[in-house]
Amino acid sequence: MYNFEFEKPSTTADAVAALADEDASALGGGQTLLPTMKQRLASPSKVVSLTGISEMQGVCMGDDGSVCIGGATTHAAVAAGASAYPALAALAGGIGDPAVRARGTVGGSLANNDPAACYPAGALGSGATIVTNAREIAADDYFQGMFTTALDEGEIITEVRFPVPEAANYQKFEQPASRFALVGVYVAKYADGVRVAVTGASEEGVHRWTAAEEALSANFSADAVPAAPGADGMIADLHGTAEYRAHLVAVLTKRAVAAAS
Ligand SMILES: Cc1cc2nc3c(=O)[nH]c(=O)nc-3n(C[C@H](O)[C@H](O)[C@H](O)COP(=O)(O)OP(=O)(O)OC[C@H]3O[C@@H](n4cnc5c(N)ncnc54)[C@H](O)[C@@H]3O)c2cc1C
């Protein structure tokens, strides 16, 4: 490791001020940022921990019935506290291992937007709102490709609001070494239609499978899930071919619908 400044503010305003410095980085649970720094893939001159900000912690119910999660809330706290949205609590409880869940945060996961991460599927599949120190961003506008989001430099996720669906389920086919999703599918049924978000599969990162959404909005049944999407643009690596991932998308969508039903 190399030298860097470290700050641990207790308010969002102080964190935003500290992050205004050039080359400053926010620190959530450090599950991604610290290994990246150790490998010299990132070298911030200042690290600003968000974990001491009480207004960014915890799970609550919003006035509109959404489940609101503070940006610095750990996966373990979501798994234990989001009982009003069981599918989301289960997603959080299935991330990594107990050590990762004890430190990793929802804000860190969504800011990182790893193409195989679970929260991006939960947020996009729920039509969540990502709240930052500066604005509110609809999930449909937030995810902009692998490791790319609508966040500006120094902008921090303070809260995420998840509308609670009538039924939902997340199915993850785990990469056994990391427990990230080789493919993951989040299905959520709302009064105005079904949303299907896919992670792990595509070179474009997390995305909605609109053909499945249309079919399932008309008939919420595993039998209504369309044939697997084409393999074009799917990730191919030593863990699985593009065709295998495309196949998994359809299989996991069926399982998610069956489980949600
Ligand atoms: C062994 C292992 C297994 C894992 N398995 C899974 C899995 O199965 N599924 C899964 O989804 N993830 C998995 N992860 C990732 C884990 O969920 C981390 O929580 C996630 O990568 C980053 O969250 P963090 O809070 O640790 O962020 P950090 O590592 O602290 O930060 C990551 C990035 O986000 C930025 N950031 C942090 N917080 C905020 C914020 N509030 N606002 C704006 N920017 C912010 C940082 O500046 C940095 O760029 C795994 C990680 C490990 C190490």
Side-chain angles (χ1 to χ4, degrees), residues 4 6-9 12 15-16 18-19 21 23-39 41-53 55-58 69-79 88 90-125 130-135 137 142-143 146-160 170-186 197-200 205-206:
F4 55 86
F6 179 77
E7 284 193 35
K8 191 172 180 184
T12 305
V16 171
L19 285 165
D21 286 1
D23 293 334
S25 257
L27 179 71
Q31 297 302 296
T32 298
L33 183 61
L34 296 184
T36 311
M37 288 170 66
K38 284 182 190 167
Q39 291 164 15
L41 296 171
S43 49
S45 55
K46 185 200 276 188
V47 171
V48 180
S49 172
L50 305 176
T51 57
I53 303 173
E55 67 215 34
M56 283 178 60
Q57 296 282 352
I69 302 178
T73 308
T74 63
H75 309 324
V78 175
L88 188 69
L91 175 151
I95 290 176
D97 52 41
V100 171
R101 294 195 289 274
R103 300 297 308 174
T105 66
V106 62
S109 178
L110 293 178
N112 195 46
N113 192 19
D114 187 297
C118 303
Y119 264 120
L124 189 61
I130 288 86
V131 183
T132 77
N133 58 295
R135 57 191 168 137
I137 312 170
Y142 176 83
F143 299 103
M146 284 191 183
F147 299 108
T148 309
T149 72
L151 289 178
D152 289 331
E153 204 65 38
E155 189 172 9
I156 56 175
I157 297 171
T158 54
E159 184 180 85
V160 189
Y170 177 58
Q171 292 285 322
K172 171 165 71 162
F173 192 87
E174 279 185 1
Q175 206 280 19
S178 71
R179 300 191 180 135
F180 273 92
L182 188 66
V183 174
V185 177
Y186 197 94
V198 178
T199 187
V206 69

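Positions are given from 1, in the same order as the sequence printed here. Read the numbers this way: they start at 1 and go in the same order the structure lists the ligands and their atoms.
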Query raised in the report: Side-chain donor-acceptor pair under 3.5 Å between T12 and E55, yes or no?
Result: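 A pair is found: one side chain offers a donor N or O, the other an acceptor, under 3.5 Å apart.
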Report task. Decide whether E155 and T132 meet the rule of one side-chain donor and one side-chain acceptor closer than 3.5 Å. Result -> yes
Return the minimal non-hydrogen interatomic distance between [X] and [Y], and the atom names on each side.
{"X": "A102", "Y": "T74", "value": "O-CG2, 3.4 Å"}
{"X": "V48", "Y": "A18", "value": "CG2-CB, 3.8 Å"}
{"X": "A150", "Y": "R135", "value": "O-NH2, 2.7 Å"}
{"X": "F6", "Y": "S49", "value": "CZ-CB, 3.7 Å"}

Within the structure, does [X] bring an N/O atom to less than 3.5 angstrom of an N/O atom in ligand 1?
{"X": "G104", "result": "no"}
{"X": "G29", "result": "yes"}
{"X": "L34", "result": "no"}
{"X": "L151", "result": "no"}
{"X": "L33", "result": "yes"}
{"X": "S25", "result": "no"}
{"X": "C118", "result": "yes"}

Give a yes or no answer on whether the side chain of [X] reaches the backbone of [Y] with a donor-acceptor pair at less than 3.5 Å.
{"X": "T199", "Y": "A117", "answer": "yes"}
{"X": "Y142", "Y": "P120", "answer": "no"}
{"X": "D21", "Y": "A24", "answer": "no"}
{"X": "T149", "Y": "A111", "answer": "no"}

Query raised in the report: Between atom CZ of R101 and atom CZ of R179, what is the distance when rounded to the nearest 0.5 Å?
Result: 8.0 Å
**Report entry** Inter-residue atom distance L41.CG - L33.CG, 0.5 Å rounding
**Finding:** 11.0 Å
Query raised in the report: Heavy-atom distance under 4.5 Å between the side chains of I69 and L88, does that happen here?
Result: yes
Can you sort out which atoms of ligand 1 are near [X], meaning under 4.0 Å from one of its heavy atoms?
{"X": "A111", "result": "34 (O), 35 (C), 36 (N), 43 (C), 44 (N), 45 (C)"}
{"X": "L27", "result": "30 (O)"}
{"X": "R179", "result": "7 (C), 8 (O)"}

Requested in this report: Determine, using heavy atoms of S109 and all atoms of ligand 1, whether some pair is separated by less than 4.0 Å.
Outcome: yes
Query - Whether E174 lies under 4.0 Å from ligand 1, heavy atom - result: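 In this structure, E174 fails to qualify as a contact of ligand 1 - no heavy atom is under 4.0 Å.
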Where is the nearest protein heavy atom to [atom]: which residue, which atom, and how far?
{"atom": "atom 46 (C) of ligand 1", "result": "A26 O, 3.0 Å"}
{"atom": "atom 28 (P) of ligand 1", "result": "G30 N, 3.5 Å"}
{"atom": "atom 41 (N) of ligand 1", "result": "I157 O, 3.1 Å"}
{"atom": "atom 14 (N) of ligand 1", "result": "F180 CZ, 3.1 Å"}

Requested in this report: Record the part of S178 in heavy-atom contact with ligand 1 below 4.0 Å; permitted values are side chain, backbone, both and neither.
Outcome: backbone
Selection from [options] by shortest heavy-atom distance to [atom]:
{"atom": "atom 19 (O) of ligand 1", "options": "E155, H75, Q31", "result": "H75"}
{"atom": "atom 23 (O) of ligand 1", "options": "A92, G28, A15, G108", "result": "G108"}
{"atom": "atom 39 (C) of ligand 1", "options": "T132, I156, L50", "result": "L50"}
{"atom": "atom 51 (C) of ligand 1", "options": "T32, L91, V100", "result": "V100"}

Report task. Using protein heavy atoms only, decide if any is under 4.0 Å from atom 49 (O) of ligand 1. Result -> no
